[in-house]
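Report on the structure given below.
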Amino acid sequence: MDAQQFREFGKAAIDMIADYVENIRDIDVLPSVEPGYLLDSLPEDAPEQPEDWKDILKDFNQAVVPGITHWHSPRFHAFYPTGTSYASIVGNLLSDGLSVIGFSWLASPACTELEVVTMNWLGKLLGIPEEFLHCSSGPGGGVIQGSASEATLVGLLAAKEKTVRKLMKIDPSLDEDEIKPKLVAYTSDQCNSSVEKAGLLGSMKMRLLKADADGRLRGETLKNAFEEDKAQGLIPCYVIANVGTTGTCAFDPLYELGPVCNEADVWLHVDAAYAGAAFMCPEYRHLMKGIEYSDSIDVNAHKWMPVSFDCSAMWVKDGYDLVKAFDVQRIYLDDVKTETKIPDYRHWQIPLGRRFRALKLWTVMRIYGAEGLRKHIRDQISLAQYFAKLVRADERFLVEPEQSMGLVCFRLKGGDKITKQLLENLTEKKKVFMVAGTYRERYMIRFVVCSRLTKKEDIDFSWKHIKDEADILCSDKIHTKAQIPAIDQIIVRDICEKSK
Ligand SMILES: *Cc1c(COP(=O)(O)O)cnc(C)c1O
């Protein structure tokens with residue numbers, strides 16, 4: 001392919017993306033394909049002869065797009081959002097255009113320095129304490145990881161190394177291999193699955209402590225766990241606080257966990273993958289009270305900010321903690337020594353290679369401005385509040401717990417079984433997509449405002465589908481008595497009748 005063809009191919013692809021985004025409401029959020037549909041329709045071998053780009057775009061439309069779950073459809077309310085925007089797409093394109101690997105300063109000075117600049121910008125925007133930023137006088141700084149999962153693992157590995165070093169300094173006769181199996185990590189039973197996985201990958205026992213009735217890990221619980229373990233000869237090493245849990249968007253109180261960790265000299269990592277973006281708005285910063293006690297903080301710019309995957313913003317109080325854990329010297333990696341405080345990012349992450357991810361963060365922050373980004377967060381929260389209001393106005397439903405950020409958890413008063421049935425029926429119809437969660441042992445449906453395109457009318461659309469499905473379900477249940485146990489029938493009838 002020559003440059004002229006590239007220009008045509010690229011421009012056609014951009015037009016296609018814009019059309020896709022602008023018309024995304026016209027297609028079902030969930031695809032209507034069966035497993036194996038694509039495997040069956042594509043050739044078994046790569047083409048021997050070069051093909052025309054027009055044929056590729058045609059197949060993209062005819063074979064790939066039908067197999068897509070449309071994460072940016074305003075009817076997508078599952079999981080948590082994944083960010084995107086035209087600004088970010090262009091940023092990614094520019095990054096691909098350069099295609100550099102920025103593992104050291106010399107490997108592309110702009111790649112390292114733009115990351116330093118944008119991580120300072122974003123840190124300030126979120127109100128992250130200054131000591132975590134490169135622009136402070138200390139050793140703190142930010143780095144873009146691929147995912148929140150990686151950030152949790154990087155924190156764990158650094159904490160492990162730091163604890164081993166500390167203990168061996170106190171008692172040089174200790175054996176590293178004897179210390180490591182005794183190290184313990186802690187988080188709550190509300191943690192994201194990736195947190196538990198970090199324990200597996202980093203070979204550290206991970207205790208999932210019981211959260212309180214509101215889904216928050218309390219300082220007292222953590223303190224007791226430390227004491228129990230110490231009494232058994234184990235060594236508390238790493239704590240992951242969940243700031244915006246995946247299930248219900250609950251906030252662990254950092255002002256309680258922080259002092260407990262600092263007192264015991266245990267690394268505190270803040271997993272604010274989703275909710276952290278809200279700290280752009282000063283009215284939500286009370287939810288990160290105590291963040292100054294932490295050692296590392298992670299916020300996925302690729303989740304609730306309009307930045308495409310992958311862009312996970314991680315800040316550490318002391319960059320040397322990472323360098324000491326991950327520095328492996330090789331002659332071919334020798335770099336120029338700079339006088340200024342510029343990080344050697346290959347020591348701040350797991351892989352050696354790294355993409356120029358700062359470009360998309362830079363394009364997004366400039367195209368939106370801080371004001372535009374704050375507006376995005378505030379709009380999404382008010383849409384969630386609007387949805388919660390609609391649900392509450394229907395007395396068959398219950399919103400529980402209270403709406404938090406862009407997430408509304410709700411269920412039918414009729415119980416777990418009928419709520420589950422409602423979600424299954426909705427998923428089958430493919431018009432709106434939500435997933436289930438649990439709250440206080442009850443089955444509930446999680447509704448998240450995900451797409452940046454979402455407007456009030458989209459919320460009305462989604463709610464209408466949910467409500468209509470509930471109507472059908474209620475009338476069905478009354479007519480098919482034989483299928484449901486007597487007690488459920490009474491509840492169902494009761495609830496359905498109340499709504500008339
Ligand atoms: C989404 C999420 C994660 C995982 O994020 P990745 O970037 O996909 O690794 C971790 N923690 C929380 C609280 C999340 O919401």
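Both counts, for ligands and for their atoms, begin at 1 and track the order of listing. Counting from 1, the numbers follow the sequence of the chain as shown.
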*Ring centroid separation for Phe226 and Tyr186, is it under 6.0 angstrom?*
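Ring centres of Tyr186 and Phe226 closer than 6.0 Å.
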*Between Phe326 and His347, is the ring centre distance below 6.0 Å?*
no
_Value rounded to 0.5 Å, distance of CD in Gln145 from CG in Leu153_ = 9.5 Å
*How are the rings of Phe387 and Trp463 set relative to one another: parallel (under 30°), tilted (30 to 60°) or perpendicular (over 60°)?*
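The rings of Phe387 and Trp463 stand perpendicular, inter-plane angle above 60°.
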*Angle class for the Phe76/Phe79 ring planes (parallel below 30°, perpendicular above 60°, tilted otherwise)?*
tilted
*List, ordered by chain and residue number, the protein residues whose closest non-hydrogen atom lies under 4.0 Å from any atom of ligand 1.*
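Ligand 1 pocket, heavy atoms under 4.0 Å: Tyr80, Ser147, Ala148, Ser149, Asn192, Ser194, Gly244, Thr246, Asp271, Ala273, Asn300, His302, Lys303.
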*Answer yes when Asp344 and Arg346 have at least one side-chain N-carboxylate O distance shorter than 4.0 Å, and no when they do not.*
yes
